[in-house]
Every structure is written in structure tokens, then in C-alpha cells.
Amino acid sequence: MYYIVETTKSFEQASTDLDAAVKRHEFGVLHIHDLGATLRSKGIAFEEQCRVFEVCNPAQAAKVLSIDMRLNMALPCRISVFTEKGKTKLGLITPVKMLASLSQDPALLEVAKEVEKKTIQMVDEAK
């Protein structure tokens, strides 16, 4: 259900490279949640870094929503850059398995396969 890779890049460099990879694949970055900074700003001692990139391809999102409007709650896709015990990692929850758990529509499976292929390529390029 997860696709996670480790990189030798710094957290900052992996974040920058992911942002560029997303755009190269004709997806947009809708928002970046800096969870580590948010937790620290609330006075929580949190040593790790974690940025969650909300990414979307409008044409693919429209296909998903036209199949099952309830799936708006599973959009947009999220790709994370995070640190864990001194290692920088990138990862995502795979769209095929996630959406298959929410709908059995075969048309949705095809869209999920296309999105999964692209998001994994983004992660691999950024690592």
C-alpha cells in the first residue's frame, strides 16, 4: 500500500527535486504542508522533518470525480518527503490500492493505474 524510497539527498534537496518532478509530469502542487514545522510551532518537540505535497492532475481528478463524487475525499494525491532516524525518504500511498479499497469500479482502476505510474515516476526522479 506504501511506496517509499530512501535517498542520499538532503531533506531540502529532495523537496526541491520533488517539486520539479511533479511539474515535469504535468501535475500541479496545490499545497505543501510542513508538518514538522507546524508541530514545532505548537511547542511540540518533534525532531523529524516532514513535508506533504498535495499534487493534482486536473484531467485525472475530473475522471475520478465523474466516476464517484464521494472520492473527492481521497483527492488530491499526497507525496511526502520526510526524515526518519537520520535518513531522508520520499513516499506515497499507492493510488491503486487506496482507491480499490474505496470503489470497485473498473474505470476507476484504470485512472488509478495511470496516476500511480506517474506519481511513482515523480518519486523515483526526485530520489
Side-chain angles (χ1 to χ4, degrees):
M1 182 140 202
Y2 297 97
Y3 182 78
I4 300 172
V5 298
E6 190 174 302
T7 181
T8 58
K9 294 179 181 177
S10 70
F11 173 78
E12 291 299 331
Q13 188 62 56
S15 295
T16 298
D17 291 351
L18 177 62
D19 187 67
V22 168
K23 292 170 183 168
R24 273 194 307 275
H25 285 276
E26 300 178 351
F27 278 59
V29 176
L30 302 178
H31 190 73
I32 301 171
H33 299 278
D34 192 329
L35 298 183
T38 299
L39 292 173
R40 287 186 290 279
S41 77
K42 304 296 182 191
I44 297 170
F46 187 76
E47 298 299 319
E48 303 290 0
Q49 298 288 334
C50 181
R51 286 192 185 130
V52 179
F53 288 68
E54 291 188 345
V55 304
C56 182
N57 177 291
Q60 299 292 36
K63 288 179 191 175
V64 169
L65 296 175
S66 70
I67 294 166
D68 188 338
M69 190 60 189
R70 297 173 301 169
L71 295 175
N72 71 78
M73 294 173 260
L75 300 178
C77 294
R78 290 164 180 81
I79 304 174
S80 296
V81 179
F82 60 100
T83 60
E84 188 173 44
K85 299 178 184 173
K87 307 282 186 187
T88 301
K89 300 180 180 184
L90 298 97
L92 60 114
I93 294 174
T94 56
V96 170
K97 289 187 180 171
M98 180 184 62
L99 293 180
S101 71
L102 301 172
S103 173
Q104 301 306 310
D105 191 306
L108 181 64
L109 180 61
E110 289 309 308
V111 176
K113 284 180 182 178
E114 292 173 28
V115 171
E116 185 168 307
K117 178 181 175 186
K118 291 286 190 182
T119 52
I120 286 174
Q121 287 174 344
M122 293 172 206
V123 167
D124 288 345
E125 287 177 20
K127 79 173 188 183

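All residue numbers in this chain count up from 1 along the given sequence.
- With hydrogens and angles left out, the side-chain atoms of Glu48 and Thr83 include a donor and acceptor closer than 3.5 Å.
- Minimum interatomic distance between Val29 and Ile32 (heavy atoms only, all atoms of both residues): CG1-CG1, 3.7 Å.
- Hydrophobic clustering (ILVMFWY, side-chain heavy atoms < 4.5 Å, transitive): Val115 and Leu65 are in one cluster.
- Between Ala14 and Thr7 the shortest heavy-atom distance is CB-CG2, 4.3 Å.
- Without hydrogens or angle criteria, Asn72 side chain to Met69 main chain gives a donor-acceptor distance under 3.5 Å.
- Taking every heavy atom of both residues into account, Phe27 and Lys118 meet most closely at CE1-CB, 4.0 Å.
- With hydrogens and angles disregarded, no donor-acceptor distance shorter than 3.5 Å links the side chain of Gln60 to the backbone of Cys56.
- Closest heavy-atom contact between His33 and His31: CE1-CD2, 3.3 Å.
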Could you give me the CA-CA distance, side-chain angles and deciding distance for Thr16 and Phe11, then say whether side-chain contact (heavy atoms from CB on, under 4.5 Å) is met?
CA-CA 9 Å; Thr16 298; Phe11 173 78; over 6 Å; no

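- At a threshold of 4.5 Å between non-hydrogen side-chain atoms, the residues Asp19 and Phe53 count as touching.
- Within 6.0 Å of the CD atom in Glu26, the count of heavy atoms belonging to other residues, nucleotides or ligands does not exceed 12.
- Taking the side chain as every heavy atom from C-beta outward, Glu114 and Lys63 approach each other to under 4.5 Å.
- To the nearest 0.5 angstrom, Leu71 atom CG is 7.0 Å from Leu75 atom CG.
- For the residue pair Arg51 and Ser15, the shortest heavy atom distance occurs at NH1-OG, 3.2 Å.
- Remark: side-chain polar atoms of Arg78 are paired, donor with acceptor, to backbone N or O of Pro76 under 3.5 angstrom.
- Looking at Lys113 and Glu116, no side-chain N of the basic residue comes within less than 4.0 Å of a carboxylate O on the acidic one, giving no salt bridge.
- Atom OG1 of Thr119 and atom NZ of Lys117 lie 11.5 Å apart (nearest 0.5 Å).
- Rounding to the nearest 0.5 Å places SG of Cys77 at 7.5 Å from CG of Leu99.
- Between Leu18 and Val22 the shortest side-chain heavy-atom distance falls below 4.5 Å.
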Decide yes or no on side-chain contact (heavy atoms from CB on, under 4.5 Å) for Lys127 and Lys89, but give the supporting numbers first.
CA-CA 8 Å; Lys127 79 173 188 183; Lys89 300 180 180 184; over 6 Å; no

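- Using a 4.5 Å cut-off between side-chain heavy atoms of Ile, Leu, Val, Met, Phe, Trp and Tyr, with links allowed through other members, Leu30 and Val64 fall into different hydrophobic clusters.
- Using a 4.5 Å cut-off on side-chain heavy atoms (C-beta onward), Val81 and Thr88 make contact.
- Hydrophobic clustering (ILVMFWY, side-chain heavy atoms < 4.5 Å, transitive): Val5 and Ile79 are in one cluster.
- Atoms OG and CD1, on Ser80 and Ile4 in that order, are 8.5 Å from each other to the nearest 0.5 Å.
- Cluster annotation: Ile120 and Met122 are assigned to the same hydrophobic cluster (Ile/Leu/Val/Met/Phe/Trp/Tyr, side-chain heavy-atom contacts under 4.5 Å, transitive).
- Judged by distance alone, with hydrogens and angles left aside, the side-chain atoms of Thr94 form a donor-acceptor pair with the main-chain N or O of Met1 at under 3.5 Å.
- Remark: Met98 CE to Leu92 CG distance equals 9.5 Å, nearest 0.5 Å.
- When every heavy atom of Ala126 is checked against every heavy atom of Lys9, the shortest pair comes out as O-NZ, 2.8 Å.
- For the atom pair CG (Leu90) and CZ (Phe82), the distance works out to 8.0 Å, reported to the nearest 0.5 Å.
- Hydrophobic clustering (side-chain heavy atoms under 4.5 Å, transitive across Ile, Leu, Val, Met, Phe, Trp, Tyr) groups Leu102 together with Ile93.
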